[in-house]
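Note that the structure is a prediction, hence the values are computed from the model and not measured.
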Amino acid sequence: MPSPTPPTSARTSPPASPATSASPAASASPAPRSSWPTGRSPLLLALGGYAVTRVLGVAVLAVAAAATGKDGFHRLSGRWDSVWYVRIAEHGYGYQVTLPNGDVHSDLAFFPLLPALERGLSAVLPLDAAGAGLLVSWTASLAAAWGIYRCGEHVVSARAGVVLAVLWGAYPTAFVQSMAYTETLFTALAAWSLYAVLRERWILAGLLCAVAGLTRPTAAALIAALGVTALVALFRDRRLPWRTVAGVLLAPLGWLGYVVYVGVRESSATAYFDVQAAWGNSIDGGVALARFIASLPWPAALGLCAALALLAWLVVLCVRQRQPLPLLVYTVGVVVVSLVGAAYFGSRPRLMMPAFGLLLPPAAALARVRTGPAAAVLAGLALASAAYGAFTLLGSGPP
């Protein structure tokens, strides 16, 4: 995917505007007690460390699948949402399922970029659409880890960027990053779009955001991040460079284009939102979440409230860390979009996974720890994530 050509250290970056630059508080974090060689080593550590987390996840899945007599690999590309993407890749849009209760699930709920890539790659490579989906997802996961590293490097330090990339690979639902889903593709586009904004490359940021809008509806948070950042710059400077205006205008074209396509196809201006509502993905302001919590036994409800409190604390830490405005708006936007919908609760952690900014405060903290203990913590988190992923994939599967 296209990406800026950034320096290897945030200290060599040209000054950015106050709306997008890292704050003194973030850049003045205490130096780690051990250092790494200069050059490309931090980037290689970030990509290598991330790759290890995903290889570990697939290895644990393979071992667990062999022990239970199940096909673990098939669960990465041949079940759940992956099947819908493959069907679109092979036959185009137009398929729907009517449930016993009368609800209609249409394939128009799924955005077109991943199936388009699956179709294109399967036409030129010796792969079927499902295999092409895995190739896209795994390649995009490395591009996402690279972009996440660059954002962490820009805001805090190269060491924090490495930890941030590995933490994202050890996210509790990171097993989805190894599946033929859109999470890695979207996160890669979002991370590089945000990094482009941080480097004042607005046209590139807008183009990447537009492509992200063809990937999943969460692109609304990325569009908002670019728009709010430009708006703040306008009020601050009383002017906007034409490149900024162009980037902001480009940003929503992908998302809006697909919404318009569904509307024209179904001859209804609200067709896209109707399709999502039929899948239970309508926006209800958090009513469904509140009802779900209220329906739980009190120990489970208390535990869930504690998890939500932890999420709120992480958001507060992001604000206190004074993250650059586009990253902060994007992170909060993804969290809000994930919580205010009526979707099944179990899907919300997966929907929040692209909000990698949530992991930046713990990444900055771990970056100040000696390499040995920090590596041990990351290894433990990666192993726990791998075990949870195998348990989930060989059970009910990702919600």
Side-chain angles (χ1 to χ4, degrees), residues 45-65 72-73 75-77 79-82 114 133-149 151-152 160-191 215-216 218 307 310-311 314 330-331 334-335 338 345-363 366 374-399:
L45 282 171
L47 295 180
Y50 172 79
V52 167
T53 67
R54 303 313 329 128
V55 170
L56 178 63
V58 174
V60 171
L61 173 63
V63 171
F73 187 80
R75 284 162 166 77
L76 296 178
S77 63
R79 296 190 64 184
W80 306 294
D81 289 4
S82 299
L114 176 58
L134 283 180
L135 177 61
V136 171
S137 180
W138 292 354
T139 303
S141 71
L142 291 174
W146 185 4
I148 289 169
Y149 161 77
C151 289
V162 171
V163 177
L164 180 62
V166 178
L167 276 178
W168 191 68
Y171 187 86
T173 58
F175 61 88
V176 178
Q177 297 172 18
S178 298
M179 301 177 65
Y181 272 41
T182 59
E183 272 72 12
T184 58
L185 183 59
F186 173 76
T187 305
L189 292 165
T215 308
R216 55 185 302 112
T218 321
L310 174 61
L311 175 63
L314 283 173
Y330 166 76
T331 297
V334 172
V335 171
S338 303
F345 175 80
S347 65
R348 298 174 196 264
R350 172 174 68 86
L351 297 177
M352 275 187 270
M353 187 165 58
F356 59 88
L358 288 172
L359 303 175
L360 191 52
L366 269 178
V377 170
L378 292 173
L381 292 173
L383 185 60
S385 175
Y388 175 69
F391 172 79
T392 303
L393 286 171
L394 297 178
S396 60

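Side-chain atoms of Leu358 and Leu311, non-hydrogen and from C-beta on, do get closer than 4.5 Å to each other. With contacts defined as side-chain heavy-atom distances shorter than 4.5 Å, the pair Val162/Tyr149 qualifies. Between Phe186 and Thr218, the closest side-chain pair of non-hydrogen atoms falls below 4.5 Å. Side-chain atoms of Ser385 and Leu381, non-hydrogen and from C-beta on, never get closer than 4.5 Å to each other.
Scanning both residues, Thr331 and Ala355, for their nearest heavy atoms gives O-CB, 4.0 Å. Ser137 approaches Met179 most closely through the heavy-atom pair OG-O, 2.5 Å. When all heavy atoms of Cys151 and Ala191 are compared, the closest pair comes out as SG-O, 3.5 Å. Minimum heavy-atom separation, Gln177 to Trp138: O-CD1, 4.1 Å. When every heavy atom of Ala188 is checked against every heavy atom of Ala140, the shortest pair comes out as CB-O, 3.6 Å. Here the closest heavy-atom approach between residue Ala363 and residue Ala160 is recorded as CB-O, 3.9 Å.
Looking at Ser82 and Ser77, their side chains never bring a donor and an acceptor atom within 3.5 Å of each other.
A side-chain contact (heavy atoms from CB on, under 4.5 Å) with Arg216 is found for exactly one of Thr187, Leu351, Leu114, namely Leu351.
Using cut-offs of 30° and 60° for the angle between ring planes, the Trp168 and Tyr50 rings count as parallel.
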Inset, instruction - For the pair Leu134 and Phe73, evaluate side-chain contact (heavy atoms from CB on, under 4.5 Å) and give the outcome as yes or no after the intermediate values. - result: CA-CA 10 Å; Leu134 283 180; Phe73 187 80; 3.5 Å; yes
Inset, instruction - Determine, step by step, whether Tyr388 and Thr173 satisfy the side-chain contact (heavy atoms from CB on, under 4.5 Å) criterion, reporting the C-alpha distance in whole Å, the side-chain angles of both residues, the deciding distance to 0.1 Å, and the verdict. - result: CA-CA 8 Å; Tyr388 175 69; Thr173 58; 4.2 Å; yes
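Expressed to the nearest 0.5 Å, how far OG1 of Thr182 lies from CG of Asp81 amounts to 8.0 Å. Tyr171 OH to Phe356 CZ: the interatomic distance, rounded to the nearest 0.5 Å, is 13.0 Å. Atom OG1 of residue Thr215 and atom CD of residue Glu183 lie 10.5 Å apart, to the nearest 0.5 angstrom. Between atom CG of residue Leu383 and atom CG of residue Leu378 there is a gap of 12.5 Å, rounded to the nearest 0.5 Å. Note that OG of Ser178 is 10.0 Å distant from CG of Leu56, once rounded to the nearest 0.5 Å. Here CG of Leu76 is found 6.0 Å from CG of Leu393. Values are rounded to the nearest 0.5 Å.
Side chain of Arg75 to backbone of Thr392: no donor-acceptor contact under 3.5 angstrom is found.
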